[in-house]
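Worksheet: the structure to be examined is printed underneath.
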Amino acid sequence: MRLPSECRNMAELRVQIDRLDRQLIALLAERAGYIDRAAQLKPAEGLPARIGARVNEVKANVRAEAVAKGLDPDLAEGVWSQLIDWSIAREEKTLGRDEQE
């Protein structure tokens, strides 16, 4: 691993970006496993796929973490909004769509 400032050319920089992309994909795949487990656990607790308060909590957490890390919070929230929507749609395949939405 090299810091951005240690990359001497674009080839070295691209190696690091590709490394990070692989790590991000691995983390997203791991997160999807937890989403699948949530779809298994929610029926026993009487929970729908979309829980508005939890969606808001996750977005607030992401924004705060982005600010703490020096990342644009609007970018982070936008990415997570897509991730959340995908996750809810994935859960709805198992749970069915909540008619109260």
Side-chain angles (χ1 to χ4, degrees):
M1 185 190 102
R2 289 188 177 173
L3 296 174
S5 61
E6 295 172 343
C7 295
R8 296 171 291 176
N9 55 53
M10 287 303 297
E12 289 180 2
L13 188 94
R14 287 179 180 137
V15 166
Q16 297 307 311
I17 290 172
D18 291 346
R19 175 187 59 79
L20 287 169
D21 287 348
R22 286 189 301 274
Q23 290 176 347
L24 288 168
I25 293 298
L27 289 170
L28 288 170
E30 181 179 350
R31 190 181 194 284
Y34 285 98
I35 297 304
D36 291 345
R37 184 64 177 143
Q40 295 170 350
L41 294 173
K42 283 183 174 182
E45 297 184 33
L47 297 172
R50 179 178 294 276
I51 302 169
R54 177 61 180 152
V55 169
N56 293 337
E57 177 185 16
V58 171
K59 287 181 181 182
N61 290 345
V62 164
R63 289 187 71 84
E65 187 65 19
V67 168
K69 299 291 186 194
L71 181 66
D72 180 347
D74 292 333
L75 170 65
E77 184 177 349
V79 169
W80 255 260
S81 290
Q82 284 189 290
L83 183 58
I84 290 166
D85 290 345
W86 177 88
S87 298
I88 290 168
R90 187 171 175 96
E91 286 183 12
E92 286 176 340
K93 288 180 182 176
T94 300
L95 299 173
R97 189 170 174 88
D98 185 19
E99 297 303 323
Q100 298 176 9
E101 289 183 41

Do L95 and P43 have side chains that approach each other closer than 4.5 Å (heavy atoms only, starting at C-beta)? yes
About how many Å separate CD of E91 and CD1 of I51, when rounded to the nearest 0.5 Å? 7.5 Å
How many angstroms lie between atom CZ of R19 and atom CG of L24, to the nearest 0.5 angstrom? 10.0 Å
Heavy atoms of other groups near E6 CD, more than 12 under 6.0 Å: yes
Rounded to the nearest 0.5 Å, what separates atom CZ in R54 from atom CG in L47? 12.0 Å
Could you measure the distance from the CD atom of E77 to the CZ atom of R63? Nearest 0.5 Å is fine. 5.0 Å
Joint hydrophobic cluster, I88 plus V79, side-chain heavy atoms closer than 4.5 Å: yes
Is there a path of hydrophobic side-chain contacts, each under 4.5 Å between heavy atoms, that joins V67 and L75? no
Non-hydrogen side-chain atoms of T94 and Q40 separated by less than 4.5 Å: no
Side-chain touch L83/V58, heavy atoms, less than 4.5 angstrom: no
Taking C-beta and beyond as the side chain, do R2 and R8 meet within less than 4.5 Å on heavy atoms? yes
Do M1 and L3 come within less than 4.5 Å of each other through their side chains, counting heavy atoms only? yes
Quick one: CG on L27 to CG on L20, what's the gap to the nearest 0.5 Å? 10.5 Å
Work out which heavy atom in K59 is nearest to a heavy atom in S81; give both atom names and the distance. CE-OG, 3.3 Å
So L13 and M10, side-chain contact (heavy atoms from CB on, under 4.5 Å) or not? Walk me through it. CA-CA 5 Å; L13 188 94; M10 287 303 297; 3.8 Å; yes
Within this structure, what is the CD1-CD1 distance for the pair I84 and I35, rounded to the nearest 0.5 Å? 9.0 Å
On a heavy-atom basis, which atom in A76 and which in A66 lie closest, and how many Å separate them? CB-CB, 3.7 Å
Against D36, only a single residue in R31, K42, R90 fulfils salt bridge (charged side-chain N to carboxylate O under 4.0 Å, His left out); can you say which? R90
